[in-house]
Amino acid sequence: MAGISGMSGRGDSGPAAGFPHPVPAARTPAPTSGARLLVVDDEPNIRELLSASLRFAGFTVESAATGAEAVAVSRARRPDLVVLDLMLPDMDGFSVVRKLHADGSRPPILFLTARDGVDDKITGLRIGGDDYVTKPFSLEELIARIQAVLRRTSGENAEPAAPTERLAVADLVLDVDGHEVTRAGAEVPLSPTEFKLLHYLMVNTGRVVSKSQILEHVWHYDFGGDASIVESYISYLRRKVDNAEPKLIHTVRGVGYVLRRPPASA
């Protein structure tokens, strides 16, 4: 499918800006169809055409043009996922997420923005964003990413855990049933994505896993995705669970990552 080319998110107007016609649902099968989405963008053409395309793909869509409106709609409608632009007239997308979290609301967030700086991506993921897509973008890929986030956050297609599954490597312990992680007996708070990534590394203790394998098993990206998201989340895990000796998470240059048991002498 043709990508959304030339869509910077600013200064474009009308259908001639490169936005494709809505995609028929038959061409974009959605296992998460019916999920409630909130699309937040202050550009009317982008907001309306994106909303229409997502409805054709089987989603229920609400929209908002400002940060304040996004917070109000999210409080009232409790969307399953928010597609959020960063550059809004009254506040940036990061502030929207912080306001939602302050209310105790934590819907999955997919940032969709022309801001492609590494610092913005890291900030977006660090404050609780689940994915970060930059403009211009392919609508087909965007829908696939939305579906992947919904599967991951709803537990759809998740591998069933064995009863009372408990994984331990050195003094790092992961309790699947209790959704709890401890290191040297101290509890380590992790986000759902961090927990799932650590679980995948621990299940594969001693085995090097590539970024593409991590994207497939943790983010459910079977079409390829932005490998930088893996690097960011590995960095978060290291700060939280690997900030003491012995180090357990290792980088294998040019291959991927591995969680290794320390030598007996350690």
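These numbers were taken from a predicted model, which means no experiment stands behind them. If you read the sequence from its start, that first residue is 1, and numbering goes on from there.
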So, does Glu69 use its side chain to make a donor-acceptor pair with the main chain of Ala65 at under 3.5 Å?
yes

Below 4.0 angstrom, N of the basic side chain to O of the carboxylate: do Lys247 and Asp242 qualify?
no

Polar side-chain atom of Ser74 near backbone of Val71 as donor-acceptor pair, under 3.5 Å:
no

How long is the span from the CG atom in Asn204 to the CD atom in Gln213, to the nearest 0.5 Å?
7.5 Å

Does a salt bridge link Arg36 with Glu62, judged by any charged N lying under 4.0 Å from a carboxylate O?
no

Would you say the side-chain atoms of Arg183 pair up with the backbone N or O of Asp171, donor to acceptor, closer than 3.5 Å?
no

Report yes if the side chains of Met91 and Val96 come closer than 4.5 Å at any heavy-atom pair, otherwise no.
yes

How far apart are the closest heavy atoms of Gly93 and Leu84, and which atoms are they?
O-CD2, 3.4 Å

Is there a side-chain contact between His217 and Lys196, using heavy atoms and a 4.5 Å cut-off?
no

Arg77 CZ: over 12 foreign heavy atoms closer than 6.0 Å:
no

State whether Glu43 and Arg47 are salt-bridged, where the test is any N-O pair (Lys NZ or Arg NE/NH1/NH2 against Asp/Glu carboxylate O) under 4.0 Å.
no

Given Asp130, which of Ser191, Pro108, Pro107 fulfils the side chain to side chain contact (heavy atoms under 4.5 Å, CB included) condition?
Pro108

Rounded to the nearest 0.5 Å, the CG atom of Leu248 sits from the CG atom of Leu237 at a distance of 11.0 Å

Nearest heavy-atom contact between Ile249 and Arg238 is O-NH2, 3.4 Å

Of all heavy-atom pairs between Ile146 and Leu81, which one has the smallest distance, and what is that distance?
O-CD1, 4.1 Å

Other hydrophobic cluster members with Val173, side-chain heavy atoms of Ile/Leu/Val/Met/Phe/Trp/Tyr under 4.5 Å, chained?
none

Check whether any side-chain heavy atom of Arg261 lies under 4.5 Å from a side-chain heavy atom of Leu172, and answer yes or no.
no

Here the pair of heavy atoms bringing Lys135 nearest to Leu112 is CE-O, 3.7 Å

Would the distance check show the side chain of Ser232 and the main-chain N or O of Ser228 forming a donor-acceptor pair, the cut-off being under 3.5 Å?
yes

Ring-plane angle category for Phe195 and His199, please: parallel below 30°, perpendicular beyond 60°, tilted otherwise.
parallel

Salt bridge (charged side-chain N to carboxylate O under 4.0 Å, His left out): which pairs involve residues 87-112, sequence neighbours left out?
Arg75-Asp103

How long is the gap from CG on Leu174 to OG1 on Thr182, to the nearest 0.5 Å?
8.5 Å

For His250 together with Tyr257, are the ring centres under 6.0 Å from each other?
no

Run the side-chain contact (heavy atoms from CB on, under 4.5 Å) check on Thr66 and Val40 step by step: do they pass?
CA-CA 7 Å; Thr66 67; Val40 186; over 6 Å; no

Within the side chain of Thr123, is there an N or O that forms a donor-acceptor pair under 3.5 Å with the backbone of Asp119?
yes

Indicate the ring-plane relationship of Phe94 and Phe111, choosing parallel, tilted or perpendicular according to the 30° and 60° boundaries.
perpendicular

Would you sort out whether Asp85 and Asp42 count as a side-chain contact (heavy atoms from CB on, under 4.5 Å), showing the intermediate values?
CA-CA 8 Å; Asp85 189 11; Asp42 66 324; 3.9 Å; yes

Nearest 0.5 Å, what's the CG-CD1 distance between Leu125 and Ile109?
12.0 Å

Centroid-centroid under 6.0 Å between Tyr200 and Trp219 rings
no

Any heavy-atom pair between the side chains of Val176 and Arg166 that's under 4.5 Å?
no

Distance-only, no hydrogens or angles: does the Thr113 side chain make a donor-acceptor pair with backbone N or O of Arg115 under 3.5 Å?
yes

Would Ser63 and Glu48 count as a side-chain contact (heavy atoms from CB on, under 4.5 Å) here? Give the steps.
CA-CA 8 Å; Ser63 63; Glu48 292 164 13; over 6 Å; no

What pairs with Glu180 under side chain to side chain donor-acceptor pair (under 3.5 Å), at least two apart in sequence or on another chain?
none

